[in-house]
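Both counts, for ligands and for their atoms, begin at 1 and track the order of listing.
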Amino acid sequence: MVDFNFPGRVEAVSVALPQDIVMNGRLVRTSILREAVNQPIFFDQKGPKNNRTAVHSEHVLATPLEHYSIWPQQLGLDASDWKLGYWGENLTISGILDENRLPIGTTMKFGNDALLQVVGPRLPCYKLMWRMGQPDSFIPEMMLTGQVGIYFRVIETGWIKPGDRIEIIDAPDRTITVGELARQLSKKSPGDADKLLGALAIPCIGGQSAAAIRRKLNQVLDGARAAAGQWKGWRRFRISRIEEAGTGVKSFILAPNDNLPIAGYLAGQHLPVRLRAGLIRNWSISDYDEDSNNYRITVKRHDKGRASPLLHHLCEGDAVELRNPQGTFTLDRSSLYRPVLISAGIGLTPLLSMLKAHAKRPNPPPAVWVHSTRNGASHAHREEVNDILARYPDFRSIIAYSSPRQEDRLGQDFDIAGRLNKASFHPFLESYPLMYAGNEIQVSGLESPFYICGPADFEAHVRNILIEAGVSPEKIHSERFSAQLTFGQPAEGRHAEVTFSLSGKQAEWSTDVPISLLELAEENGVEPDFECRSGTCHRCETRLISGDVAYLHAPAVAPREGYALLCCSTPSGTHVELEL
Ligand code: FES
């Protein structure tokens, strides 16, 4: 219940017009540098006079005066030179209910005439973080507090000046508060679909809030879909169809033997596939279909491998076993910005799933598809990707062939002969137009989320280019081919005794079959936990009782002292004992 008896007061009225300023080395158009004016300002439906927003569609931003003490205290900032208007607000207000008790839809009278209605929370962005001297990663933390500022719309025009009284005229009883909606929209919040849908149904909800709610709902509903239909352990599937997807590349459609519903998945996830006892691989789901009762994986045959030749040898109707889809390399479908999907070779499979999932968003933002492969013969799923790109004129692509054939046509089949380099990415790092809350705005390409999948050297090469160009590392998400973690050149003819102490088993490892310790354990009926099988998730970390291991690629984060990551290591001496 809202307390109508509060003595609100206007502390300052501030205005600004958009200007170009340099923030963290980048030229940015913004109106955040607002200055308080010591005179009455007329507020009409477009907000205060002599004021315009650079990006936002909501016209009046208010900040409670308490923010000038709460946040500097919490963050240990010296705010002695923060003048009113520092937060970029039009109205600095005091005595008002804070965001966590203020329902959206509340109508207030400012001064003698102006009627303003609360339409949603401020959605903090990198510009506010720059003003506060905080990294962008602080945005979700700030939103979780709910203390972010308040957007209003003008219902009745009027003059407002410092010292004016603020009265609550009307407040809805059961609508979500400004603070609660900010919390719901934080990236760190799982989100509550009912609350979000309720907020979306508020007649006066602001355009920015509505757009943010729709994006968040994508994330919430994706999570619910992925959590549905999960099973325990291994489940039998059959290969219901096999399709050629390129030279040496096949897609396998996998349907459950029991015909019961399958688990949902997030675009980018993989399936652990057991081809026979002890032979397990993770293969990415290469499709995205929320209604289908099967999965599609696309697998390149590696002649020197053990699993892909066996899979390619299987026929329609043959059985495999699957665990639930898993993996954290997934598309965030709540992002406002244009995703850039960058792959090499068969690394395109999770990104194809992401491209399809992105295209299924209502009015999807643009997307960029960047793919590098040897030539037209190895270019898997080309038609499928081209069909999607053709349907969305603002989706862009760039295709690099490292070794084009004579029949591959530059400008039609591919855009770059050779390797992707700095210049290849340049067009996608510049500003581009984006529809935001009904307005077209310009946003920097550096704000995009970047998803990379390919061999380790490709991933490192692209990551370096992006970081040198100014992309912040937290915007880069990547997955390396696990197929690259082959244990190809250990010393000739070396053998090692491996003891799995808890299960009382022993096995011999040899350079003749230089498999990982994880595979050796599985071959011998020991089932360590695993997820990524490529040295990133640490699920397979196991205590080393004696002996030592060698890594082909150093894991991104080393295991704890005295532990080993089994999925990417082999014995380095003649004996290893593991607590398994
Ligand atoms: S399974 Fe992920 S690090 Fe080994």
Side-chain angles (χ1 to χ4, degrees), residues 226 230 232-234 263 265-266 268-275 277-285 297 299 302 305-308 321-330 347 349-350 451-456 459-460 463 476-488 490 496 498 500-503 507 509 513-545 547-572 576-580:
Q230 299 229 331
K232 281 208 169 74
W234 294 100
Y265 56 92
L266 298 173
Q269 285 192 306
H270 57 255
L271 283 170
V273 181
R274 183 156 74 181
L275 296 173
L279 189 53
I280 298 167
R281 285 291 181 277
N282 284 342
W283 280 306
S284 294
I285 299 170
I297 56 173
V299 178
H302 293 281
R306 295 188 309 142
S308 64
E321 289 175 294
L322 305 184
R323 281 205 201 165
N324 286 306
Q326 55 183 230
T328 54
F329 177 62
T330 56
T349 51
Y451 297 88
I452 311 170
C453 186
E459 189 265 352
R463 179 180 283 274
I476 303 175
H477 315 273
S478 64
E479 186 167 79
R480 302 165 174 182
F481 280 1
S482 52
Q484 292 302 304
L485 290 170
T486 51
F487 299 84
V498 179
F500 303 105
S501 60
L502 296 182
S503 34
W509 178 90
V513 189
I515 57 179
S516 69
L517 283 165
L518 176 63
E519 290 173 285
L520 187 73
E522 288 165 343
E523 290 258 341
N524 286 277
V526 181
E527 296 211 336
D529 202 6
F530 71 87
E531 186 176 311
C532 69
R533 301 180 80 89
S534 58
T536 52
C537 74
H538 283 221
R539 285 280 285 273
C540 65
E541 188 180 86
T542 300
R543 196 161 86 80
L544 207 49
I545 295 172
D548 209 348
V549 301
Y551 294 96
L552 184 63
H553 295 300
V557 177
R560 286 173 289 169
E561 182 73 27
Y563 285 74
L565 297 182
L566 303 187
C567 67
C568 51
S569 63
T570 60
S572 66
V576 167
E577 185 174 355
L578 297 164
E579 191 177 75
L580 261 182

Notebook entry, point to check: Does Arg306 come within less than 4.0 Å of Glu519, counting only side-chain N to carboxylate O?
Noted result: yes
Notebook entry, point to check: What are the two closest heavy atoms between Ser516 and Cys567, and how far apart are they?
Noted result: CB-O, 3.5 Å
Next item on the list: Decide yes or no for Trp283 and His270: does some side-chain heavy atom of the first lie under 4.5 Å from some side-chain heavy atom of the second?
Entry: no
Next item on the list: Provide the tally of protein N/O/S atoms nearer than 2.8 Å to atom 2 (Fe) of ligand 1.
Entry: 2
Notebook entry, point to check: What is the ring orientation for Tyr451 with Phe329, classed by angle as parallel under 30°, tilted 30 to 60°, or perpendicular over 60°?
Noted result: perpendicular
Next item on the list: Answer yes or no: is there a donor N or O on one side and an acceptor on the other, between the side chain of Ser501 and the main chain of Leu578, under 3.5 Å?
Entry: yes
Next item on the list: Quick one: list whatever passes side chain to side chain contact (heavy atoms under 4.5 Å, CB included) with Leu502, sequence neighbours left out.
Entry: Glu579
